[in-house]
There are 2 protein chains.
Amino acid sequence: MANSLRKLSELEGVSLGIVGKYEPCTAYRVRSELKQSPSTHWQASAGSLYPLLTRLEEEGIVATKPDKSDGRGRKLLKVTTRGRKSLKEWVATGADETHISSVTDPIRSRMFFLDVLSPAKQRTYLAVLISLMEKHLSETRTHLDEVSESGDVYGYLGSLGAMKVVEARLDWLKVVQRRLITD
Amino acid sequence: MANSLRKLSELEGVSLGIVGKYEPCTAYRVRSELKQSPSTHWQASAGSLYPLLTRLEEEGIVATKPDKSDGRGRKLLKVTTRGRKSLKEWVATGADETHISSVTDPIRSRMFFLDVLSPAKQRTYLAVLISLMEKHLSETRTHLDEVSESGDVYGYLGSLGAMKVVEARLDWLKVVQRRLITD
DNA sequence: CGATGCATGTAAGCTGTTACATGATTGC
DNA sequence: GCAATCATGTAACAGCTTACATGCATCG
């Protein structure tokens with residue numbers, strides 16, 4: 001158990017937050033929450049999550065208790081006092097310039113160079129994108145409704161942000177489509 | 001020079017696109033474009049870009065020509081025919097479900113767990129975020145105007161997408177702020 | 001009694017970062 | 001002549017991924 005508070009990585013912060021929300025819960029539960037949410041981009045593969053939580057345990061940020069009533073050897077996780085301090089610090093580091101502008105978008109990255117495709121391919125490409133994005137938007141909306149009904153205010157506000165960004169991206173793709181068709 | 005077309009990474013694709021746009025140009029120029037643009041999140045550190053371009057050269061995707069009139073030993077880059085094919089393929093892979101939903105946002109990640117902060121700290125935090133985001137939005141708008149005047153249509157459309165996302169995020173933060181103040 | 005889901009992990013690798021290091025050119 | 005910018009790189013490492021591996025529990 002180290003003594004100084006270390007800066008948490010993104011996945012560490014999110015995972016710790018989930019543990020805190022559902023504690024006591026298993027690592028599996030954390031993973032399920034990450035996978036199920038359309039608002040986070042994390043794959044949260046077993047290969048990253050389990051070692052990550054072990055590390056947090058070694059540092060005294062989470063505490064584990066083996067669940068003896070369970071034959072699968074599962075462990076129940078809780079955030080320690082020290083862990084709650086780490087979590088607070090992680091949340092507070094969001095108000096920093098590097099986090100403001102760091103929203104990657106692989107579709108936008110490609111838009112800059114869309115002219116390498118033939119006009120016909122550009123149109124097909126955009127049509128596919130818009131159709132996929134519409135599907136994604138409706139999934140995001142469904143998820144938002146579910147969270148809304150659950151009464152989880154912060155979960156709702158987070159998911160709302162995800163939805164607004166998807167809406168903006170879809171709107172943008174339609175603008176691009178109109179612009180490239182009339183040319 | 002390998003024979004089969006390899007899938008390009010994000011930074012490889014973007015860098016190759018930039019070379020294609022400004023060729024013949026130096027690696028330094030590519031790096032400057034990446035750093036200057038508020039629409040890409042890439043740091044494009046020397047430590048990633050130079051080895052990356054060397055790799056693309058070894059694979060016959062870009063061709064280099066030493067500029068003998070320059071004492072700094074700079075090299076001029078061009079996209080090869082083979083490279084243009086790679087670039088086309090990279091652009092076309094954008095229409096794929098994994099790219100649709102993969103927009104990370106460290107601020108949104110934290111919003112889900114904002115309740116770990118005291119109400120007073122939540123308000124301060126949001127106020128700081130909104131002020132930083134407004135500044136970022138105005139920078140993005142300035143950049144968009146510049147690109148617009150340059151006549152680069154695809155550059156404009158890409159930057160437009162970046163701006164729309166920033167607008168959506170700012171709008172979202174204001175909704176959150178109202179919601180948390182009235183509570 | 002077999003499929004699906006719960007539950008935990010290891011090994012290898014990809015993609016990018018920061019920090020460090022070097023040297024020439026250009027403009028004031 | 002000195003500072004800022006141009007120009008290119010190496011070394012170490014952070015952070016996450018995929019692919020693989022294992023085994024119990026629950027439901028039909």
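In what follows, chains carry the letters A, B, and so on, assigned in the order in which the sequence lines appear, proteins first and then strands, with residues in each chain numbered from 1.
- Put simply, B:Lys75 has no side-chain N or O that comes within less than 4.0 Å of OP1 or OP2 on D:dC6.
- Under 4.0 angstrom from either OP1 or OP2 of C:dG16 there lies no side-chain N or O belonging to B:Gln43.
- At whole-Å resolution of the value, CG in B:Leu52 and P in D:dT8 are 14 Å apart.
- Looking only at distances, no side-chain donor or acceptor of A:Ser148 sits under 3.5 Å from a matching main-chain atom of A:Leu144.
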Problem set entry | Check against side-chain contact (heavy atoms from CB on, under 4.5 Å), A:Val91 and B:Gln122 | CA-CA 10 Å; A:Val91 169; B:Gln122 290 181 29; over 6 Å; no
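- A donor-acceptor pair is defined here as one N or O able to donate and one able to accept, closer than 3.5 Å; no such pair exists between the side chain of A:Thr26 and the backbone of A:Leu76.
- Rounded to an integer number of Å, the gap from CG of B:Leu53 to P of D:dT10 is 13 Å.
- Under a 4.0 Å N-O distance rule, the pair B:Glu167/B:Arg141 qualifies as a salt bridge.
- One interatomic measurement links the two molecules: CG of A:Leu77 to P of C:dG9, which rounds to 10 Å at whole-angstrom precision.
- Listed by chain and residue number, B:Ser39, B:Thr40, B:His143 satisfy the side chain to side chain contact (heavy atoms under 4.5 Å, CB included) test with B:Ser37 (two or more places apart in sequence, or in another chain).
- Between the side chain of A:Arg169 and the main chain of B:Val165, no donor-acceptor pair closer than 3.5 Å is present.
- Two residues are said to be in side-chain contact when any heavy atoms from C-beta on lie closer than 4.5 Å; B:Leu16 and B:Trp90 fail this criterion.
- Regarding B:Leu49, its CG atom lies at a distance of 18 Å from the P atom of D:dA11, rounded to whole Å.
- Here B:Glu12 pairs with B:Arg55 in a salt bridge; the nearest charged N to carboxylate O distance falls below 4.0 Å.
- Regarding B:Arg6, its CZ atom lies at a distance of 11 Å from the C1' atom of C:dC14, rounded to whole Å.
- A donor-acceptor pair under 3.5 Å is absent between the side-chain atoms of B:Trp172 and the main chain of A:Gly158, judged by distance alone.
- Summarising the geometry, the separation between CZ on B:Arg55 and P on D:dT8 is reported as 17 Å, rounded to the nearest angstrom.
- Side chain of B:Ser131 to backbone of B:Ala127: no donor-acceptor contact under 3.5 angstrom is found.
- A heavy-atom distance below 4.0 Å to DNA chain D is reached by none of the residues of residues 7-21 of chain B.
- The structure places NZ of A:Lys21 at 9.5 Å from CZ of A:Arg29, a figure rounded to the nearest 0.5 Å.
- Among residues at least two apart or in separate chains, salt bridge (Lys or Arg N to Asp or Glu O under 4.0 Å) pairs with a member in residues 89-99 of chain B are A:Lys135-B:Glu97.
- For the segment residues 22-38 of chain A, no residue has any heavy atom less than 4.0 angstrom from an atom of DNA chain D.
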Taking only nitrogen or oxygen atoms into account, show me every contact under 3.5 Å that the protein makes with nucleotides 19-22 of chain C, one pair per line with its distance.
none

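- B:Gln177 places no side-chain N or O within 3.5 Å of a backbone atom of B:Leu126 that could act as its donor or acceptor partner.
- Salt bridge present: B:Arg110 and A:Glu10 bring a charged side-chain N and a carboxylate O closer than 4.0 Å.
- Between the axis at the start and the axis at the end of the helix from C:dC1-D:dG28 to C:dC28-D:dG1 there is an angle of 30°, using five pairs per end and rounding to 10 degrees.
- Of the candidate nucleotides C:dT10, D:dG9, C:dT17, C:dT10 has the atom nearest to the side chain of A:Pro51.
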